[in-house]
Amino acid sequence: MKSIIGIAAAAALSFSAAHATSIYTTSGSIDLVTNTGSSQIYEDDGVTMTLSAGLFTDTPVTGDAVVTPGQYGARPIAYSYGTGIRHNDNDGQHTIDGYYPEVAILSFDTNVQLTGALFSYVDTYDTFDLFVDTNNDGILERIYENLGMPNSSIAFVDLLSLNLVGKLFGIGASEYAYNCRQTMWGQKCDKYSPSWKLKAIKFEEVPDVPLPAALPLFMAGLAGFGFASRKKKV
């Protein structure tokens, strides 16, 4: 009995084993299928990722970030060093900039787990925000704010431990305060606006694991076996 259950468990584990995939969001990426202007469509290992852009704001009451896709004509622009964002109120740098603030929106055609992100044009104090559609309602919620990056112009950040699973994600930048001090006019803080390009996304497909077709009959057989055993003991 234990060996049968063990074999079934091993089969389920092998079926759900993850396979890591990296999609490069650069102008020369071999994963780029279509560039519509408002979005870029990439495909690798049978998974399609659509990259679009938006802006987001912090509401004054809750501090939650409200993402508006395509606000002011926001759209991704791919360069050889990665993707930035351009819009009608843009400063011309075409990075993903915390001043506005801006967010790259990643939509997958299947459930995935984000395991890493590669950034370029990174400065020493740059940070990033992470968004996930936690309710599967098509609305992004910010779950991490001002996460740090390695001090390198090309910086890889491992996201595996954050358990980011779903179909819709966002990676953005927002201003943050630092060097806060008390003055005769009250508290004063300096502000820093991160600015970088998104060069690649690493993810693992998370397939649904269906029940084996014979499992219901197998469980019914176990139930009958248990009933017969109890009947014999009476």
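The first residue in the sequence is number 1, and the count goes up from there. Since the structure is predicted, the reported quantities are computational estimates derived from the model, not experimental observations.
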Q: Under the 3.5 angstrom rule, does the side chain of Thr25 hit a backbone N or O of Lys199 as a donor-acceptor pair?
A: yes

Q: Using side chain to side chain donor-acceptor pair (under 3.5 Å) as the criterion, list what pairs up with Ser153, not counting sequence neighbours.
A: none

Q: Quick check: closest heavy atoms across Thr95 and Glu102, and the distance to 0.1 Å?
A: O-OE1, 2.9 Å

Q: Can you run down the disulfide bond (SG atoms under 2.5 Å apart) pairs that involve residues 124-173, sequence neighbours left out, and say none if there aren't any?
A: none

Q: Quick check against the 3.5 Å criterion: does Thr34 have a side-chain atom that pairs as donor or acceptor with the backbone of Thr36?
A: no

Q: Can you name the residues that form a ring-ring contact (aromatic ring centres under 6.0 Å, His included) with Phe56, not counting sequence neighbours?
A: Phe131

Q: Rounded to the nearest 0.5 Å, what separates atom OH in Tyr99 from atom NZ in Lys191?
A: 9.5 Å

Q: Please find the pair of heavy atoms, one from Pro150 and one from Val122, that lie closest to each other, and give the distance.
A: O-CG1, 4.1 Å

Q: Apart from Met184 itself, what residues make up its hydrophobic cluster when side-chain heavy atoms of I, L, V, M, F, W and Y under 4.5 Å apart count as a link, directly or indirectly?
A: Trp185

Q: Would you call Met149 and Phe128 a side-chain contact if the rule is heavy atoms closer than 4.5 Å?
A: yes

Q: Does some side-chain heavy atom of Lys197 sit less than 4.5 Å from a side-chain heavy atom of Thr83?
A: no

Q: Looking only at heavy atoms, which two atoms of Gly148 and Thr127 are closest? And how far apart?
A: CA-CG2, 4.4 Å

Q: What pairs of residues pass the disulfide bond (SG atoms under 2.5 Å apart) test when at least one of them lies in residues 102-161, not counting sequence neighbours?
A: none

Q: Can you tell me which residue pairs pass the salt bridge (Lys or Arg N to Asp or Glu O under 4.0 Å) test with a partner in residues 29-49, sequence neighbours excluded?
A: none

Q: Would you mind reporting whether Val132 and Leu140 have side-chain heavy atoms less than 4.5 Å apart?
A: no

Q: For residues Leu114 and Leu51: do they belong to one hydrophobic cluster (side chain heavy atoms under 4.5 Å, members Ile, Leu, Val, Met, Phe, Trp, Tyr)?
A: yes

Q: Report yes if some heavy atom in the side chain of Asp129 is under 4.5 Å from a heavy atom in the side chain of Tyr144; otherwise report no.
A: no

Q: Distance check, rounded to the nearest 0.5 Å: Ser193 atom OG versus Asp123 atom CG?
A: 11.5 Å

Q: For a 4.5 angstrom cut-off between non-hydrogen side-chain atoms, does Leu160 reach Gln113?
A: yes

Q: I need the Asn146 CG to Tyr192 OH distance, nearest 0.5 Å.
A: 11.5 Å

Q: Under 4.5 Å between side-chain heavy atoms, counting indirect links through other Ile/Leu/Val/Met/Phe/Trp/Tyr residues: same cluster for Phe108 and Ile41 or not?
A: no

Q: Using side-chain heavy atoms (C-beta onward) and a distance below 4.5 Å, is Phe119 in contact with Val157?
A: yes

Q: Determine all donor-acceptor pairs shorter than 3.5 Å in which one atom belongs to a side chain in residues 73-80; sequence neighbours excluded.
A:
unit_1, atom_1, unit_2, atom_2, d
Arg75, NH1, Gly73, O, 2.6
Tyr79, OH, His94, ND1, 2.5

Q: In terms of hydrophobic clusters joined by side-chain contacts under 4.5 Å, are Ile201 and Leu130 together?
A: yes

Q: Which disulfide bond (SG atoms under 2.5 Å apart) pairs, counting each pair once, include a residue from residues 108-206, with sequence neighbours left out?
A: Cys180-Cys189

Q: Hydrophobic cluster membership, with links at side-chain heavy-atom distances under 4.5 Å among I/L/V/M/F/W/Y: are Val47 and Leu32 in one?
A: yes

Q: Which residues satisfy the salt bridge (charged side-chain N to carboxylate O under 4.0 Å, His left out) test with Asp158, sequence neighbours excluded?
A: none

Q: Should the pair His87 and Tyr100 be assigned to parallel (<30°), tilted (30 to 60°) or perpendicular (>60°) ring geometry?
A: perpendicular

Q: Could you please spell out the steps behind the side chain to side chain contact (heavy atoms under 4.5 Å, CB included) verdict for Leu55 and Tyr72?
A: CA-CA 8 Å; Leu55 306 183; Tyr72 300 128; 3.3 Å; yes

Q: Are side-chain heavy atoms of Leu159 and Thr115 found at a separation under 4.5 Å?
A: no

Q: Just checking Leu147: does its CG atom have more than 12 heavy atoms from other residues, nucleotides or ligands closer to it than 6.0 angstrom?
A: yes

Q: Could you tell me which non-hydrogen atom of Pro69 sits nearest to which non-hydrogen atom of Val67, and how far apart they are?
A: CD-O, 3.6 Å

Q: Spell out, yes or no, whether Ile85 and Ile105 are grouped together once hydrophobic residues are joined by side-chain heavy atoms under 4.5 Å, including indirect joins.
A: no

Q: Extract all donor-acceptor atom pairs below 3.5 Å that involve side chains of residues 166-173 and protein atoms in other chains or at least two apart in sequence.
A:
none

Q: Between Leu198 and Ala104, which heavy-atom pair has the shortest distance, and what is it?
A: CD2-CB, 4.3 Å

Q: Donor-acceptor check, side chain of Asp97 to backbone of Pro101, threshold 3.5 angstrom: yes or no?
A: no

Q: Distance from Met49 atom CE to Thr21 atom OG1, nearest 0.5 Å?
A: 11.5 Å

Q: Between atom CD of Glu141 and atom CG of Asn135, what is the distance when rounded to the nearest 0.5 Å?
A: 5.0 Å

Q: I'd like to check Ile96 versus Val103 (side-chain heavy atoms, cut-off strictly below 4.5 Å). Are they in contact?
A: no

Q: May I ask you to check whether Ser29 and Thr26 show a side-chain donor-acceptor distance below 3.5 Å?
A: no

Q: Ion pair present between Arg181 and Asp190, side-chain N to carboxylate O less than 4.0 angstrom?
A: yes

Q: Tyr24: what forms a ring-ring contact (aromatic ring centres under 6.0 Å, His included) with it, not counting sequence neighbours?
A: none

Q: Rounded to the nearest 0.5 Å, how far apart are CH2 of Trp196 and OG of Ser120?
A: 9.5 Å

Q: Tracing side-chain links under 4.5 Å among I, L, V, M, F, W and Y, which residues wind up in one group with Tyr121?
A: Tyr81

Q: Mind listing the closest non-hydrogen atom pair of Thr183 and Gly186 along with its distance?
A: OG1-O, 2.6 Å

